[in-house]
Amino acid sequence: MSTLFALLAMALQVPLALGGFDSSGMSSAGILDLSDSEWTLSNPAMNISIPASFPSYAHLDLYANHVIADPEYALNEFDLRWIWKQNWTYATSMPNTSPDYDQTFLLFQGLDTFTIIELCGQHVASTNNQFRQYYFDVTDVLARCEQGPAAATLSLNFGSAPNITEAIANEAGQTDWPYGVNSLFTISHRQFMRKEQNDFGWDWGPAFAPAGPWLPAFVVQLNRGRQVHPRNVLVDIYRERQRNNMIPDQSRPWVVNASIDYIGEQIENPSLDFVLRDAANQTVAEGALQNVSSVPGIVTGLTRLPCDAVDLWWPVGMGSQTLYWLTVEMNDANNNTMTSVTRRVGFRTIVLNELPVTNEEIAMGVAPGNHWHFEINGHPFFAKGSNFIPPDIFWPRVTPQRIRSLFDNVVAGNQNMLRVWSSGAYSPDFMFDLADEMGILLWTEFEFGDSFYPVDKEFLNNVYEEAVYQVRRANHHPSLAYWAGANELEQILQSVKRSTPSEFPRIKAQYEKLFLSTLFPAVYENSRSISYSPSSTTNGFVSLNFTEAPYMQQRYDDLEPGHIYGDTDYYNYNSAVAFNSSVYPVGRFANEFGYHAMPAIETWREYRALLQFDDCYIPQPPLPPGGLNTSNWQNTSLGMAEMTVAAERWYPTPAKTDSVANFSAWCWTTQVFQADYYGSQIQFYRRGSGLPQRTLGSLYWQLEDQWAAPTWAGIDRSGRWKILHYRARDLYSNVIISPVWNATTRELEVWVTSDLWEGIRGTVDAKWYTWDGEEVNLEGALSGQEVEVGALNSTKVSATTLDEHANNLVMRASVTAVGKLPNSEETTTFRHTNWFHATPLSQAKLVDPGLTLDHDDESKVFTVTATSGVSAWTWLSNPAGVKVVFDGNGFWLGKGETLKLGYQVLQDDTEGDWVRLVVIYSMWSNILAA
């Protein structure tokens with residue numbers, strides 16, 4: 001008996017009998033969806049018994065039955081902590097099974113997390129992993145089931161994760177690691193459970209530690225020897241001779257490897273047939289899979305296809321997202337069909353290139369060391385995107401419609417990759433499906449973050465089963481870009497080496513036992529098409545071998561002077577150096593960077609409806625009631641101070657007489673700083689594509705919010721775009737112009753950057769103005785300067801040392817270039833405009849830009865004009881009850897300049913009246929008292 005299950009039984013106060021585990025999915029046999037049953041949620045100790053949904057969480061059902069208020073409202077995250085201290089039981093009457101079958105299984109797609117399952121009052125199994133699929137043969141249990149209306153009861157008893165992990169941490173000989181950020185969370189000991197890590201709190205989200213059946217479950221009925229049920233399917237598409245983490249040969253034929261994990265009796269001498277169809281349902285290829293092998297519960301085979309038999313799948317902006325349907329049929333030795341499965345697939349190669357920089361590349365100006373970039377179908381590309389966090393505090397509320405809406409914003413934001421952060425939950429199938437359709441690459445991680453984890457045999461076996469299931473489930477999606485083992489652990493390992501060198505060998509050995517000897521084999525043994533690294537930020541590997549574990553030897557910090565390895569993770573909350581590019585990290589790829597900002601006042605109102613705005617202002621008090629991240633009070637205060645200081649240091653300080661208007665202005669100003677700061681870094685990393693570091697990726701932290709609070713997100717909880725998302729969209733254009741300022745030397749450079757796969761030619765204009773819009777003849781001005789930029793590269797257009805005269809001037813720089821988009825034969829014109837000012841806007845001689853705003857009801861276009869001066873950070877704000885994405889926002893205008901803006905309405909509770917309620921303001925608005 002494992003200690004863990006003994007603790008679980010004690011916590012739930014139910015009899016303990018150990019049940020078996022395995023991973024599980026869906027079939028052609030008798031299937032009963034347990035979502036169709038009538039469920040109850042109960043807690044006898046608190047006299048609670050209420051109707052429940054399925055899938056669900058206790059919080060959601062308590063809220064739906066008016067036992068509690070909205071968990072997201074005000075300080076309810078703090079007030080509702082009694083829920084996660086309790087045990088909760090979901091129960092239903094077992095659906096009537098058919099006598100036409102002689103075997104019955106329970107199949108659970110996701111149980112969160114510590115669960116004891118009973119049927120007919122008999123113990124079935126205990127589970128302890130949110131991320132595994134479980135199935136159990138209950139044929140004999142049902143045969144022993146007593147008669148009567150309440151006899152065939154299925155109960156799922158969920159233990160309190162905080163209570164159970166506390167007990168585990170207090171076991172003799174257990175190690176509660178002091179390293180990482182474990183001490184920063186509301187609930188301790190998250191590393192002892194295989195549950196969504198941010199459920200115990202994070203610096204951008206609450207701590208609810210929910211419990212419940214978070215994914216669907218089914219009753220599966222079979223006839224022995226005549227039917228099986230496919231619980232999971234692996235499809236691995238790769239080039240012949242391709243291996244993980246290595247560059248594939250694009251001239252080789254395709255290999256399609258298919259494997260079915262099934263429930264039921266073992267099939268003797270099975271065969272597999274396949275049909276590949278295109279989107280028009282035309283057959284592309286068919287036949288029998290070769291090299292069929294069988295072990296209990298798994299049948300595998302493969303086939304080869306010529307290169308020209310299929311069209312390639314490309315990420316958005318690089319080509320079409322061509323998809324096919326693959327059907328695999330499993331037959332027994334007598335050619336009877338046992339089951340069949342269909343998956344939508346794409347043909348592409350995606351590899352993380354961490355190989356050494358060649359001598360030829362060094363001769364071309366690339367710094368020695370190792371690469372760290374992605375290549376799609378043999379093409380290096382610049383990864384433009386952000387980090388994806390769990391989009392809701394309760395996953396059962398995440399629907400395909402919500403993810404589609406979010407992904408629409410990703411594509412509209414010129415992003416081609418999301419890093420799916422490693423301390424949430426694995427992406428559901430529908431999220432991968434949407435990414436496949438929309439061309440969004442998903443950098444995917446195993447769910448470990450910012451902590452070292454147990455490495456006892458039971459824990460590692462549990463993790464291995466989790467990883468194998470998830471790798472096999474997700475692998476057929478062409479949007480799957482990469483597997484990383486954990487978030488930021490290599491940096492933490494380095495900190496151990498610096499702070500406690502005597503501990504380093506032991507901690508390193510345990511780290512490698514989990515992330516190199518357990519997780520990497522789970523990838524390597526099931527896929528040849530996907531690269532793996534043990535940590536999200538890493539200096540890469542020294543060597544690979546494909547014969548025995550460990551398959552990878554990590555570099556850690558044995559770095560050679562002048563060499564560049566790996567990707568970077570950067571945060572600096574000292575706003576005094578926010579725009580000093582000399583402190584930004586120099587690396588091959590930027591996977592995480594950012595700064596927090598407030599959501600819009602409309603979002604505060606929507607999710608914290610009873611905020612007393614008369615008491616809302618910054619810096620005192622630091623935030624209105626309900627705005628505090630109650631997961632971490634100390635960090636909340638620090639974060640508020642950092643935002644306040646940054647806003648005061650770089651921009652005119654709002655000081656409006658109306659407290660609501662003043663609070664709104666403060667929220668907006670923190671967003672300006674966030675967008676400004678991220679913009680500086682995005683341009684730095686993009687410019688790096690033409691510098692020795694050869695930077696080929698920028699993924700900022702973070703894409704979206706899961707509740708209304710000051711966070712790092714570019715899209716807030718309501719779905720509104722912060723200024724950041726608009727600014728990132730602009731700077732993720734294919735061709736951009738970037739003024740680069742060195743405040744120490746007073747040198748200003750102008751760079752043009754392109755992420756196209758062919759060179760471009762164009763012209764650059766750079767003109768200086770006073771803030772009232774008058775043009776000034778100053779050194780560094782350019783008019784029609786010709787520029788050429790190579791493929792996936794940057795070019796410096798000019799360099800000027802500015803005198804003090806430039807302190808109160810502003811530069812408008814623009815580029816017009818012609819080139820071709822990837823996989824396009826047509827020439828396209830690319831235009832981009834950027835602005836530069838040497839003096840912080842808090843000290844600049846701003847003038848009233850005389851903004852005017854008109855709306856044409858027929859064309860549905862807003863017209864914005866700056867009539868009397870330069871307008872910095874021009875912003876169109878729509879009223880509450882409306883969510884709109886404008887063609888541009890957070891932009892600059894020169895005197896006399898007009899911009900026409902279309903828009904997309906995402907939500908409108910005003911029946912169209914919102915167009916007359918839009919307010920326009922700029923940085924000048926902060927100076928006004930009203």
Side-chain angles (χ1 to χ4, degrees), residues 575-576 578-579 595 597-601 617-619 643-658 661-680 721-728 730-731 739 741 768-774 806-813 833-853 862 864-878 886 888-899 901 918-930:
S575 58
F579 304 105
Y595 204 99
M598 300 280 269
I601 193 171
Y617 57 95
I618 300 177
M643 284 191 295
T644 303
V645 169
E648 291 177 328
R649 173 174 279 132
W650 294 102
Y651 311 102
T653 302
K656 301 186 180 301
T657 55
D658 180 84
N662 196 56
F663 181 70
S664 180
W666 271 101
C667 290
W668 179 77
T669 306
T670 67
Q671 288 193 28
V672 171
F673 174 77
Q674 181 189 45
D676 209 358
Y677 187 23
Y678 283 57
S680 173
W721 287 24
K722 291 183 183 177
I723 305 175
L724 165 59
H725 201 73
Y726 283 104
R727 182 60 170 152
D730 176 61
L731 294 174
W741 172 240
W768 290 93
Y769 300 90
T770 60
W771 286 101
D772 59 8
E774 298 303 316
N807 278 358
N808 273 298
L809 299 179
V810 58
M811 172 192 274
R812 183 184 189 273
T833 299
N834 215 335
W835 291 78
F836 164 76
H837 51 94
T839 303
L841 296 183
S842 57
Q843 303 169 27
K845 296 179 180 179
L846 300 179
V847 301
D848 184 350
L851 291 172
T852 63
L853 177 67
F862 284 97
V864 185
T865 303
T867 64
S868 59
V870 175
S871 179
W873 297 102
T874 316
W875 181 253
L876 278 67
S877 177
N878 49 274
F886 295 98
N889 216 345
F891 51 88
W892 288 57
L893 287 175
K895 179 183 178 181
E897 188 174 2
T898 294
L899 186 63
L901 296 170
V918 171
V919 175
I920 188 167
Y921 48 91
S922 69
M923 194 53 66
W924 173 255
S925 305
N926 274 12
I927 298 172
L928 303 178

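What you are looking at is a predicted structure, and each value in this text was computed from that prediction instead of being measured. Each residue takes its place number in the sequence, starting with 1.
Between Trp668 and Tyr921, the distance from one ring center to the other falls under 6.0 angstrom. If you look at Trp875 and Tyr726, their ring centroids are closer than 6.0 Å.
For Phe886, the ring pair (Phe, Tyr, Trp, His ring centres under 6.0 Å) partners two or more places apart in sequence, or in a different chain, are Phe862. Remark: Trp835 pairs with Trp892 by the ring pair (Phe, Tyr, Trp, His ring centres under 6.0 Å) rule, at least two apart or across chains. A search for ring pair (Phe, Tyr, Trp, His ring centres under 6.0 Å) contacts involving Tyr677 returns Tyr595, Phe673, not counting sequence neighbours.
Proximity of Leu928 to Lys656: side-chain heavy atoms (C-beta onward) are separated by under 4.5 Å at one or more points.
Within the 3.5 Å criterion, the main-chain N or O of Leu876 finds a donor-acceptor partner in the side chain of Asn889. The main-chain N or O of Leu893 is never found under 3.5 Å from a side-chain atom of Ser871 such that the two would form a donor-acceptor pair. No donor-acceptor distance shorter than 3.5 angstrom exists from the side chain of Ser664 to the backbone of Ile601, with no hydrogens or angles considered.
Nearest heavy atom pair, residue Asn808 against residue Trp771, reads O-CD1, 3.4 Å. The two residues Trp650 and Ala578 make their nearest non-hydrogen contact at NE1-CB, 4.5 Å.
Side-chain contact check for Ser922 and Thr874: no donor-acceptor pair (N or O, by modelled atom type) lies under 3.5 Å.
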